[in-house]
There are 4 protein chains.
Amino acid sequence: MDGFQRRREQKKLNILEAALALFMEYGVQKISIGEIAKKANVSQVTIYNYFESKHNLIHEVFVYYTDKALDEFEQILVSNMAFPEKIKHLMFTKNETAKQIHEDFYQYLMKEYTSGINYMEKIYTEKALPRFIDLFNQGKEQGYVDPNLSNEAILFYIKAMNEYIQREEVYQSILPLTEDIMKILFYGIVGEKEK
Amino acid sequence: MDGFQRRREQKKLNILEAALALFMEYGVQKISIGEIAKKANVSQVTIYNYFESKHNLIHEVFVYYTDKALDEFEQILVSNMAFPEKIKHLMFTKNETAKQIHEDFYQYLMKEYTSGINYMEKIYTEKALPRFIDLFNQGKEQGYVDPNLSNEAILFYIKAMNEYIQREEVYQSILPLTEDIMKILFYGIVGEKEK
Amino acid sequence: MDGFQRRREQKKLNILEAALALFMEYGVQKISIGEIAKKANVSQVTIYNYFESKHNLIHEVFVYYTDKALDEFEQILVSNMAFPEKIKHLMFTKNETAKQIHEDFYQYLMKEYTSGINYMEKIYTEKALPRFIDLFNQGKEQGYVDPNLSNEAILFYIKAMNEYIQREEVYQSILPLTEDIMKILFYGIVGEKEK
Amino acid sequence: MDGFQRRREQKKLNILEAALALFMEYGVQKISIGEIAKKANVSQVTIYNYFESKHNLIHEVFVYYTDKALDEFEQILVSNMAFPEKIKHLMFTKNETAKQIHEDFYQYLMKEYTSGINYMEKIYTEKALPRFIDLFNQGKEQGYVDPNLSNEAILFYIKAMNEYIQREEVYQSILPLTEDIMKILFYGIVGEKEK
DNA sequence: AATGAATGAGGGTTCATTCAT
DNA sequence: GATGAATGAACCCTCATTCAT
């Protein structure tokens, strides 16, 4: 990539970052191209030169965001924490990237076009899911997890928890309960039978 | 209430229902007053006569929806199912009312004005929460639940699950896992220690 | 007029008064039929029953107002003040009726239809003008007025002054200058030649 | 100012002129942005790009008009007419700019926001008033004006006359009376004592 | 390649007026 | 006769998008 290309790429990044920040704060529909242009210090037309339409811009922002989120996810998995610790992080980490975006983004992509969703599912199936499976299998080998449980069910739990936690007001109130929640996950609401 | 009042009330209901349906399907911001008017078979101005502004309409739709959701919730609690069955329903029932509304509605109300949220929290704290507590306490007395667990943590689980399930694509894929998920909830991922 | 007619007439008066008050305070165009209806404690349709259209209502309000103003004017003329005193009053009296109405009313009537103006001119020519002429002729006979001056010119002065004074901010600042202004009117800016 | 800027400025002027003409003829409230756009041969949005809101447009039109009126006023003062001639012009000149604007504009600015009025008063106090005072003082020195008269009173007369004359129907009927009116102003209604 | 200028389409809202009871 | 309910038309304003430089 020559200097020219690089500058172009940098400008594109600026726009993506500006759009992402605004989308996350105010939602996709409330943000106008003009606002993104102002925040990114370019003209509206420049955005059209790079992204062709608002629709398209949203799509690219989404891809950009998904990739970033995947990175954070992998950071946790490759770390050398013990199994329960990793689970805890997966459940309770409030992705820096994720924040509030889910709700509106998801909604928009669901309703407006499916290509964004497809991309996310592709990434998820190809990249994230196998890593989860590996993790759970390790957990079973190490005796942390009942071998009869389906990985999907466990995964479901973790995702539900994590998504719920992304909501600011939920996150605040959940911190004091962390230990109890982990206990439920490991031992269920019935509790440990023998101590 | 005389015939006049009743017809008026009925028309208001029509509009609320039309708006609710459209909001749930397409989101609050994408739906114009004109579209609601067309669906409810009234003129736009009629909507303004009843609700004064779109803002206000959204608020009233929200209250209407919240009340309906509360009803469904209470249906489950007063039924004569056994404790585990009730929990299952609370977690897995895809509220007819709830559907997808959460995401966009929540977003809108969070961002635009807080009175809607306040109403929901009031209803929740005054009506729903005490019922939950009662239920969990019964569960503890009946030996279903470890008495050392905080009710909040259990509640958190149930709400996270239920909210996650509201999403259509999640709901589809989760049904086969129901049993495993209930098992995790009761016995944790470690599984039952003694069989 | 029987009791029925009388009640009807009273209701009409109520509406006229309400409309007049609102028109004077906010101008003709800013006031909606709904606002007048609310202020007069009747339904909008009642106003239509009595006045047929907003246009017409404005016309009748104008006539009502003109007649009232004429009364005030005649009060001054029939009083037993001396000539200079009467002139002073005609110039400086801030008609209770007149207030700010002139500007917007006049504008509206000028542009929208001429019948209002016609009515005012008719009243003016038939009723007010002859009284003015009488007054000036008395003034000439009594030596207050140069017999060579045309009555029209004097009248012009008085009307210009009076109209200007109706404006609130003008009225406030003019009071201290009353004496000087009267002096100019009587003796001109050259001043009295012999004292 | 480069060609860009100049064209922009020219277009702004076009819009201002169009708006001013329409406002003067039909009043501020009756004129829609659409009508101004059509008259100025631009799209509605262009007007918004330049002026941001109707409110703002009105304000700028007002400033534009005030400045123009000030120019005309100064033309008279710097001319080499004799004192009585200047006074005559000040009283009887139907400002090309002024026309009917006063009534509606004034009303609007009075009621809606005061910044317009403030601007006019600032211009008036800083620019116009001192020139008037100079003129009157000259008149006193040259024996045209009684030195005991307050300048304010004279000014009041002139303004009242001039404003009254701006009304079309008044202007028509006043022309034949010009000489008499000037005589009243200089010598009062009592008339010249010695000839 | 980048931008300032311009716009058609559409959204929320108000108002004078009519309909139906 | 009086009213609550309903409406078509119009207005101000915003936005995604294109034009012209």
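Numbers restart at 1 for each chain; the letters A, B, ... are given by sequence-line order, proteins then strands. FYI, side chains are in, hydrogens and waters are out, and symmetry mates aren't considered; it's all heavy atoms of this structure.
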So what does [X] touch, heavy atoms closer than 4.0 Å: a base, only the sugar-phosphate, or nothing?
X: B:I31; value: sugar-phosphate
X: A:I47; value: nothing
X: A:F51; value: nothing

From the set [options], return the single nucleotide nearest to any side-chain atom of [X].
X: B:N49; options: F:dT7, F:dA16, E:dT3; value: F:dT7
X: B:Y48; options: E:dT14, F:dT17, F:dA2; value: E:dT14
X: D:K54; options: E:dG12, E:dT17, F:dC13; value: F:dC13

Atom [atom1] of [X] and atom [atom2] of [N]: how far apart are they, to the nearest Å?
X: C:E35; N: E:dA16; atom1: CD; atom2: C1'; result: 13 Å
X: D:K12; N: E:dG4; atom1: NZ; atom2: C1'; result: 15 Å
X: C:L57; N: E:dC15; atom1: CG; atom2: P; result: 15 Å
X: A:I58; N: F:dC15; atom1: CD1; atom2: C1'; result: 13 Å
X: A:Q10; N: E:dA1; atom1: CD; atom2: C1'; result: 17 Å
X: B:I36; N: E:dT13; atom1: CD1; atom2: P; result: 11 Å
X: B:E9; N: F:dA5; atom1: CD; atom2: C1'; result: 14 Å
X: A:Y50; N: F:dT17; atom1: OH; atom2: C1'; result: 19 Å

Do [X] and [Y] have side-chain heavy atoms sitting under 4.5 Å apart?
X: C:L13; Y: C:Q10; value: yes
X: D:V61; Y: D:I15; value: no
X: C:L16; Y: C:F51; value: yes
X: D:V42; Y: D:N14; value: no

Margin query: Does E:dA6 have OP1 or OP2 under 4.0 Å away from a side-chain N or O of D:K11?
Written below: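 For D:K11, the contact criterion (side-chain N or O under 4.0 Å from OP1 or OP2 of E:dA6) is met.
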Exercise. Report yes if a side-chain nitrogen or oxygen of A:T46 is closer than 4.0 Å to either non-bridging phosphate oxygen (OP1 or OP2) of E:dA2; otherwise report no.
Key: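 The answer is no; no side-chain N or O of A:T46 sits under 4.0 Å from OP1 or OP2.
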Is there a Watson-Crick or G-U wobble partner for E:dT21 with both distances under 3.5 Å, and which nucleotide is it?
->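 By the stated definition (distances under 3.5 Å), F:dA2 pairs with E:dT21.
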G-U wobble or Watson-Crick pairing nucleotide for E:dA1 (cut-off 3.5 Å, both distances):
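Pairing partner: none.
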Is the backbone N or O of B:S32 less than 3.5 Å from a side-chain atom of B:E35, with the two atoms forming a donor-acceptor pair by type?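 It does hold such a pair.
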Which is more 5' along DNA chain E, the nucleotide nearest C:E52 or the one nearest B:S32? Just name the residue.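 With C:E52 and B:S32 compared, the 5'-side residue is B:S32.
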Quick check on DNA chain E: between D:V45 and A:S43, whose nearest nucleotide comes earlier from the 5' end?
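In this pair, the answer is A:S43.
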Review point. Closest nucleotide of DNA chain F for A:Q44 versus for D:I33: which of these residues is on the 5' side?
Key: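 The residue mapped nearer the 5' terminus is D:I33.
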Nearest-nucleotide comparison on DNA chain F, the residue closer to the 5′ end among B:V42 and C:R8: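 Taking each residue's closest nucleotide, the earlier one in sequence belongs to C:R8.
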Practice prompt. Take D:I58 and D:F23, measure what side chain to side chain contact (heavy atoms under 4.5 Å, CB included) needs, and give me the verdict at the end.
Written response: CA-CA 9 Å; D:I58 292 170; D:F23 285 165; 3.9 Å; yes
